[in-house]
Amino acid sequence: MEMRPVLVAICLLLVTPITGSFWTVGSQLVMDPMLVCKKTRRLKGKLADICRKEPSLLKEIAKGVQVGTRECQYQFRNRRWNCTTVRRSLKKILLRDTRETGFVNAITAAGVTYAVTRACTMGDLVECSCDKMTSKGNRLAKFARTVEAKKSLPTEGDWEWGGCGDNVNFGFKKSREFMDAPYRKRSDIKTLVKLHNNDAGRLAVRNFMRTECKCHGLSGSCTVRTCWRKMPPFREVGNRLKESFDGAAKVIPSNDGHSFITEGPTIKPPGRFDLIYSEDSPDFCKPNRKTGSLGTTGRQCNSTSPGVEGCELLCCGRGYDTRIVKEKVNCQCRFRWCCEVTCNTCLVKKTVNTCR
Ligand SMILES: *[C@@H]1O[C@H](CO)[C@@H](O)[C@H](O)[C@H]1NC(C)=O
Ligand SMILES: *[C@@H]1O[C@H](CO)[C@@H](O)[C@H](O)[C@H]1NC(C)=O
């Protein structure tokens with residue numbers, strides 16, 4: 001297990017005590033799930049059950065959090081806020097209710113769904129196994145609820161469910177039990193937004209399952225085909241959630257106090273897949289302890305791009321410094337009989353721009 005040293009390190013190094021504040025426990029779930037179980041003695045309900053009785057599941061949950069974090073950093077690599085895991089920043093991001101908060105919650109809930117489901121398929125958990133999909137009619141109906149799912153069914157020839165499918169409903173359920181547990185009985189706006197975004201994240205996995213098939217029969221004649229359900233690659237989940245981030249809707253509490261409505265009357269109500277938020281984001285230009293912004297000084301930018309990674313936007317108009325760096329690369333590669341490729345190393349000059 002490659003994860004083990006990391007987890008042990010997390011447990012040993014991060015000795016920040018949980019203060020007992022409700023929201024701190026909540027953000028700790030996202031920052032490092034193992035710690036929640038270690039430090040919080042008075043946990044109750046589903047969360048406590050997982051902590052006490054399901055250590056191997058907890059390990060998969062921690063993996064899922066990492067899967068989510070890595071994807072978040074990929075999706076935001078060129079933006080002012082780059083999904084940094086620097087604790088003093090992430091902690092503040094998670095305590096607010098901005099678009100960024102929404103994305104982190106959604107991608108984490110998705111990552112946990114993904115990792116737990118994958119573990120079921122791999123046979124790494126005793127609690128679950130892969131999805132055998134034996135009763136054809138039922139399963140077909142169940143999976144074909146969404147348009148996406150219908151599109152991904154094989155259209156030609158004879159086929160039947162078989163093999164080892166991804167048991168996404170188990171991952172979905174466990175992600176919900178773990179991530180949502182502390183919030184279930186609350187109905188303040190931040191909680192409603194969080195639960196909505198967590199679900200949007202999980203749905204970005206579950207509702208975009210695809211079908212994979214394999215042919216059986218004499219020398220690939222494909223007289224029988226068996227098909228199984230498979231999760232989309234996590235990059236696709238990330239791309240989808242990033243799109244939702246870009247189109248996220250701002251909400252305010254409704255009069256009944258138990259739900260939310262969109263802020264402007266003309267904005268179309270957010271669907272289950274959409275991300276929502278209730279607080280405007282800071283601009284992340286300068287370091288700010290209150291918002292968790294680290295500022296963009298020292299960040300690399302692209303001097304010719306008009307987009308978010310361009311120096312103008314990334315550096316917030318402060319300007320940038322340009323350096324020439326020399327980089328070693330392989331060059332003049334030759335193929336030598338047989339079977340070897342030899343290269344020289346060359347130095348190439350590269351321009352690097354960094355924000356002031
Ligand atoms: C993210 O941004 C911070 C400062 O804004 C910087 O220190 C850090 O290196 C960046 N991380 C990555 C992975 O680019
Ligand atoms: C910088 O941006 C331009 C225009 O968008 C793009 O063509 C170029 O590949 C980018 N350079 C780097 C190093 O990413």
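Here NE2 of H196 is found 12.0 Å from CG of N105. Values are rounded to the nearest 0.5 Å. Summarising the geometry, atom NZ belonging to K194 is positioned 3.5 Å from atom OH belonging to Y183; distances are rounded to the nearest 0.5 Å. To the nearest 0.5 Å, the span separating CZ on R289 from OG on S89 amounts to 13.0 Å. Interatomic distance, R70 CZ to I107 CD1, rounded to the nearest 0.5 Å: 11.5 Å.
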Problem set entry | Check against side chain to side chain donor-acceptor pair (under 3.5 Å), N198 and D180 | CA-CA 8 Å; N198 284 358; D180 295 7; 2.7 Å; yes
Exercise. Which is it for E71 and V67 under the side-chain contact (heavy atoms from CB on, under 4.5 Å) test, yes or no, and what are the steps along the way?
Worked result: CA-CA 6 Å; E71 184 59 26; V67 167; 5.7 Å; no
For this session: Would you please test L47 and F178 for side-chain contact (heavy atoms from CB on, under 4.5 Å) and show each step?
Result: CA-CA 6 Å; L47 191 54; F178 193 80; 3.3 Å; yes
Exercise. For R184 and T191, what are the C-alpha separation, side-chain angles and deciding distance, and is it a side chain to side chain donor-acceptor pair (under 3.5 Å)?
Worked result: CA-CA 8 Å; R184 276 285 164 220; T191 296; over 6 Å; no
For this session: Let me see the working for C315 and C301 under disulfide bond (SG atoms under 2.5 Å apart), right down to the final yes or no.
Result: CA-CA 8 Å; C315 309; C301 60; 3.7 Å; no
For this session: Take R206 and T113 through the test side chain to side chain donor-acceptor pair (under 3.5 Å) and record every step on the way to the result.
Result: CA-CA 9 Å; R206 193 183 75 181; T113 304; over 6 Å; no
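Using a 4.5 Å cut-off on side-chain heavy atoms (C-beta onward), R318 and T297 make contact. Looking only at side-chain heavy atoms (C-beta outward), V104 and L94 come within less than 4.5 Å of each other. Looking at V112 and M179, their side chains come closer than 4.5 Å, going by heavy atoms from C-beta outward. Using a 4.5 Å cut-off on side-chain heavy atoms (C-beta onward), P232 and V237 make contact. Residues E127 and K174 have side chains not in contact (no heavy-atom distance under 4.5 Å, counting atoms from C-beta outward). Contact check for V168 versus M209: side-chain heavy atoms found under the 4.5 Å cut-off. Between C164 and M122 the shortest side-chain heavy-atom distance does not fall below 4.5 Å. Taking the side chain as every heavy atom from C-beta outward, E340 and T342 approach each other to under 4.5 Å.
In terms of heavy-atom proximity, P282 sits nearest to T98 at CD-CG2, 4.5 Å. Minimum heavy-atom separation, I252 to T262: CG1-O, 4.3 Å. Scanning both residues, L313 and G307, for their nearest heavy atoms gives CD1-O, 3.5 Å. Contact between V116 and E60 at its shortest, heavy atoms only, is CG2-CB, 4.3 Å. In terms of heavy atoms, K214 sits closest to H216 at O-CD2, 3.7 Å. Scanning both residues, R88 and K92, for their nearest heavy atoms gives O-CG, 3.4 Å.
Under the 4.0 Å criterion applied to side-chain N and carboxylate O atoms, D188 and R186 are assigned as salt-bridge partners. Taking the charged nitrogens against the carboxylate oxygens, R176 and D199 do have a contact shorter than 4.0 Å, which makes a salt bridge. Ion pairing between a basic and an acidic side chain is recognised when a charged N comes within 4.0 Å of a carboxylate O; D283 and R80 show no such pairing.
Put simply, the side chain of R99 gets close to the backbone of F245: a donor and an acceptor are under 3.5 Å apart. Here the side chain of R299 pairs no donor or acceptor atom with the backbone of C355 at under 3.5 angstrom. Side-chain atoms of S175 do not come within 3.5 Å of backbone N or O of G171 as any donor-acceptor pair. Of the possible donor and acceptor atoms, one in the side chain of D166 sits under 3.5 Å from a partner among the backbone N and O of M231. Within the 3.5 Å criterion, the main-chain N or O of T117 finds a donor-acceptor partner in the side chain of T121. When atom types are taken as modelled, the side chain of N344 and the backbone of N330 share no donor-acceptor pair closer than 3.5 angstrom. Between the side chain of S254 and the backbone N or O of S259 there is at least one donor-acceptor pair closer than 3.5 Å. A donor-acceptor pair is defined here as one N or O able to donate and one able to accept, closer than 3.5 Å; such a pair exists between the side chain of S293 and the backbone of K286. A donor-acceptor pair is defined here as one N or O able to donate and one able to accept, closer than 3.5 Å; such a pair exists between the side chain of K190 and the backbone of L95. With hydrogens and angles disregarded, a donor-acceptor distance shorter than 3.5 Å links the side chain of T101 to the backbone of I93.
Cysteines C316 and C285: SG-SG separation is under 2.5 Å. SG distance check for C227 and C213: under 2.5 Å. Cysteines C120 and C130: SG-SG separation is not under 2.5 Å. The SG atoms of C333 and C343 lie less than 2.5 Å from each other.
Cation-pi geometry between R77 and Y74 is met: under 6.0 angstrom from the ring centre, within 45 degrees of the axis. Seen from the ring of F172, R202 counts as a face-on cation partner, given the 6.0 Å and 45° thresholds. The side-chain tip of R240 does not point at the ring of F273 from less than 6.0 angstrom away and within 45° of straight on.
Between T322 and the options T354, V352, T351, a side-chain contact (heavy atoms from CB on, under 4.5 Å) holds for only T351.
When hydrophobic clusters are built by joining Ile, Leu, Val, Met, Phe, Trp and Tyr residues whose side-chain heavy atoms come closer than 4.5 Å, directly or via intermediates, Y277 is not grouped with L90. In this structure, L195 is not a member of the same hydrophobic cluster as L192, with clusters built from ILVMFWY side-chain heavy atoms closer than 4.5 Å. At a threshold of 4.5 Å between side-chain heavy atoms, the hydrophobic network of Ile, Leu, Val, Met, Phe, Trp and Tyr places L241 and V251 in two separate groups. Cluster annotation: W81 and L294 are assigned to distinct hydrophobic clusters (Ile/Leu/Val/Met/Phe/Trp/Tyr, side-chain heavy-atom contacts under 4.5 Å, transitive). Each of F260 and L275 belongs to its own hydrophobic cluster when Ile, Leu, Val, Met, Phe, Trp and Tyr are linked at side-chain heavy-atom distances under 4.5 angstrom.
Evaluation of the side-chain contact (heavy atoms from CB on, under 4.5 Å) rule for N78 yields E309 as partners, not counting sequence neighbours. For C338, there are no disulfide bond (SG atoms under 2.5 Å apart) partners, not counting sequence neighbours. In terms of the salt bridge (charged side-chain N to carboxylate O under 4.0 Å, His left out) criterion, R118 has no residue partners (sequence neighbours excluded).
For the salt bridge (charged side-chain N to carboxylate O under 4.0 Å, His left out) condition, the pairs that include at least one residue of residues 260-274, sequence neighbours left out, are K250-E263. For the disulfide (SG to SG under 2.5 Å) condition, the pairs that include at least one residue of residues 64-96, sequence neighbours left out, are C72-C83.
Counting heavy atoms of neighbouring residues, nucleotides and ligands inside a 6.0 Å radius, atom NZ of K46 does not exceed 12 of them.
Using a 4.5 Å cut-off between side-chain heavy atoms of Ile, Leu, Val, Met, Phe, Trp and Tyr, L314 forms no hydrophobic cluster with any other residue.
Taking the six-membered ring for Trp and thresholds of 30 and 60 degrees, F103 and F76 have ring planes more than 60 degrees apart, a perpendicular arrangement.
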